[in-house]
Engineer: 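Take this structure, written in structure tokens, and hold onto it; I'll ask about it next.
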Amino acid sequence: MFLSATWQNILFANYSIDPQVLMPFVPEGTTLDFYEGHCFISLVAFQFLNTKVFGFPAYTWRNFDEINLRFYVKRHLSNGREQTGVVFVKEIVPSRFIAWVARTLYKENYIAMDMEHEFTRDQALKLTYRCGTGKLSNQLSAVVSLDGETTNEEGLKPYITEHYWGYSSPNLNTTVEYEVKHPRWPVNQVVDHSIDFDFESLYGTPFKLLSEMQPMSVFYCRGSDITVHLGSRILP
């Protein structure tokens, strides 16, 4: 185990996307994972809390926000089984140091940017995550029903939340795999949401189309404690 933390107040906005858009980003040794014929990409925002590295509280930055764009892959193992995981297009955090550590140890595409969040709780939970450079112009907001938390055994929600491996490609010939452990997350219904993101500016021209699309689903998880384990090369 390299890192432990609590991931809390997690928002998922899930888009069905043409798989050809993602093919250039698929790490060697993995293939795109589909759900009911759809290839999904998710905009995810959450709080990263009580961060510890090798069991010791992280220096200066223990609590911070993260916003990432991720899609879903699988790897065929030698025993005939399939292992499902995620690939991050880019992960945004408010600290240059955190971004450097993640790039160095996990070869992930982390960048630092100004960020903030706003939460209010009345009869419903209202959440807003923002990020940007100077001006916090990118925003993901949701109104969450506090009733009816569910733990579905099947469906899109567990498909999205239950990918427990991460894959990255520091170069064209290398793939790194690492494990993320957490319990199954109950899911709450999002009754209203607003997404105002400049996907092209943040993630590149291939993802410009997301600014013009509506997600197929948006949902919320309270989250849990998690652990992230040291990665290893599966290729070459």
Side-chain angles (χ1 to χ4, degrees), residues 1-10 12 25-33 40-42 44-112 151 157-187 221-236:
M1 184 182 71
F2 165 68
L3 180 147
S4 65
T6 300
W7 288 354
Q8 188 169 290
N9 292 316
I10 312 169
F12 295 86
F25 303 92
V26 176
E28 286 290 327
T30 70
T31 59
L32 287 172
D33 192 20
F40 280 96
I41 189 168
S42 301
V44 184
F46 63 99
Q47 292 179 285
F48 216 123
L49 305 176
N50 304 317
T51 307
K52 295 181 180 180
V53 178
F54 293 118
F56 296 96
Y59 178 68
T60 66
W61 286 92
R62 292 189 63 194
N63 303 317
F64 53 92
D65 296 341
E66 177 175 318
I67 298 175
N68 64 61
L69 187 67
R70 72 183 204 176
F71 64 92
Y72 305 91
V73 298
K74 59 186 177 182
R75 181 165 83 92
H76 296 280
L77 304 180
S78 58
N79 61 8
R81 299 178 63 183
E82 290 182 347
Q83 184 165 280
T84 57
V86 301
V87 176
F88 294 97
V89 177
K90 185 176 291 184
E91 295 160 274
I92 301 170
V93 291
S95 162
R96 289 185 176 86
F97 176 72
I98 295 169
W100 176 83
V101 169
R103 288 195 302 267
T104 302
L105 293 180
Y106 287 96
K107 313 304 179 185
E108 292 286 11
N109 188 16
Y110 268 79
I111 66 167
T151 306
K157 293 173 183 176
Y159 169 81
I160 293 293
T161 60
E162 293 178 28
H163 284 71
Y164 297 109
W165 295 85
Y167 294 93
S168 62
S169 296
N171 57 60
L172 292 177
N173 300 314
T174 302
T175 298
V176 173
E177 173 188 82
Y178 57 91
E179 186 176 11
V180 180
K181 292 183 178 180
H182 63 77
R184 172 172 283 188
W185 288 332
V187 176
C221 297
R222 285 185 292 115
S224 69
D225 293 341
I226 62 95
T227 57
V228 180
H229 295 251
L230 286 173
S232 60
R233 292 186 179 184
I234 61 170
L235 286 173

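Values in this document were obtained by computation on a predicted structure and should not be read as measured data. Throughout, residue positions are numbered sequentially from 1 according to the sequence presented.
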Engineer: What's the separation between atom NZ in K90 and atom CD1 in I67, rounded to the nearest 0.5 Å?
Structural biologist: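 Answer rounded to 0.5 Å: 12.5 Å.
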
Engineer: Does R70 have any salt bridge (Lys or Arg N to Asp or Glu O under 4.0 Å) partners at least two apart in sequence or in another chain, and if so, which?
Structural biologist: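 In terms of salt bridge (Lys or Arg N to Asp or Glu O under 4.0 Å), with neighbours along the sequence ignored, R70 is linked to no residue.
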
Engineer: Verify side chain to side chain contact (heavy atoms under 4.5 Å, CB included) between W185 and S224, making sure each step is shown before the conclusion.
Structural biologist: CA-CA 7 Å; W185 288 332; S224 69; 2.7 Å; yes

Engineer: Tell me if the aromatic rings of W165 and Y178 count as close, with their centers under 6.0 Å from one another.
Structural biologist: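 Not close enough - the centres of the two rings lie 6.0 Å or further apart.
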
Engineer: F71 vs F25 aromatic rings, parallel, tilted or perpendicular, using cut-offs 30° and 60°?
Structural biologist: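 It falls in the perpendicular class, over 60°.
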
Engineer: Heavy-atom distance under 4.5 Å between the side chains of H182 and Y164, does that happen here?
Structural biologist: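 Yes, close enough: below the 4.5 Å cut-off.
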
Engineer: Of all residues at least two apart in sequence or in a different chain, which pass the salt bridge (Lys or Arg N to Asp or Glu O under 4.0 Å) check with E177?
Structural biologist: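 Result, salt bridge (Lys or Arg N to Asp or Glu O under 4.0 Å) vs E177: R75.
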
Engineer: Hey, could you give me the CD/OG1 distance between E179 and T227, rounded to the nearest 0.5 Å?
Structural biologist: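 Here the interatomic distance stands at 7.0 Å.
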
Engineer: If you measure from CG on N9 to CZ on F46, what distance do you get to the nearest 0.5 Å?
Structural biologist: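 With rounding to 0.5 Å, CG (N9) is 11.5 Å from CZ (F46).
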
Engineer: Tell me every residue that passes side chain to side chain contact (heavy atoms under 4.5 Å, CB included) with S169, counting only those two or more places apart in sequence or in another chain.
Structural biologist: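 Counting only residues at least two positions away or on another chain, S169 forms a side chain to side chain contact (heavy atoms under 4.5 Å, CB included) with P27, T175.
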
Engineer: Could you state the interatomic distance from OG (S4) to CD1 (I226), rounded to the nearest 0.5 Å?
Structural biologist: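 Rounded to the nearest 0.5 Å, the OG-CD1 separation comes out at 7.5 Å.
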
Engineer: Out of V44, D225, V180, which one pairs with W7 under the side chain to side chain contact (heavy atoms under 4.5 Å, CB included) rule?
Structural biologist: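 Considering V44, D225, V180, a side chain to side chain contact (heavy atoms under 4.5 Å, CB included) with W7 is found only for V180.
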
Engineer: How close do V89 and N109 get, counting heavy atoms only, and between which atoms?
Structural biologist: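 Distance-wise, the nearest heavy atoms are O-ND2, 3.1 Å.
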
Engineer: Considering only distance and modelled atom types, tabulate donor-acceptor pairs under 3.5 Å from the side chains of residues 92-105, sequence neighbours left out.
Structural biologist:
residue	atom	partner	partner atom	Å
S95	OG	W61	NE1	3.4
S95	OG	F97	N	3.1
S95	OG	I98	N	3.1
R103	NH1	Y110	O	2.8
T104	OG1	W100	O	2.8

Engineer: Can you name the residues that form a side chain to side chain contact (heavy atoms under 4.5 Å, CB included) with N63, not counting sequence neighbours?
Structural biologist: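 Partners of N63 under the side chain to side chain contact (heavy atoms under 4.5 Å, CB included) test: L49, N50.
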
Engineer: Report the distance from atom OG1 of T6 to atom CZ of R62, rounding to the nearest 0.5 Å.
Structural biologist: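 That separation rounds to 9.5 Å.
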
Engineer: Give, for atom NZ of K157 and atom CD of E162, the distance between the pair rounded to the nearest 0.5 Å.
Structural biologist: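 Between K157 NZ and E162 CD, I get 13.0 Å after rounding to 0.5 Å.
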
Engineer: Hey, does Y167 have a side-chain heavy atom less than 4.5 Å from the side chain of V26?
Structural biologist: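 V26 does not reach Y167 side chain to side chain.
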
Engineer: D33: what forms a side chain to side chain contact (heavy atoms under 4.5 Å, CB included) with it, not counting sequence neighbours?
Structural biologist: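 Counting only residues at least two positions away or on another chain, D33 forms a side chain to side chain contact (heavy atoms under 4.5 Å, CB included) with Y72, K74, T84, Y159, H163.
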
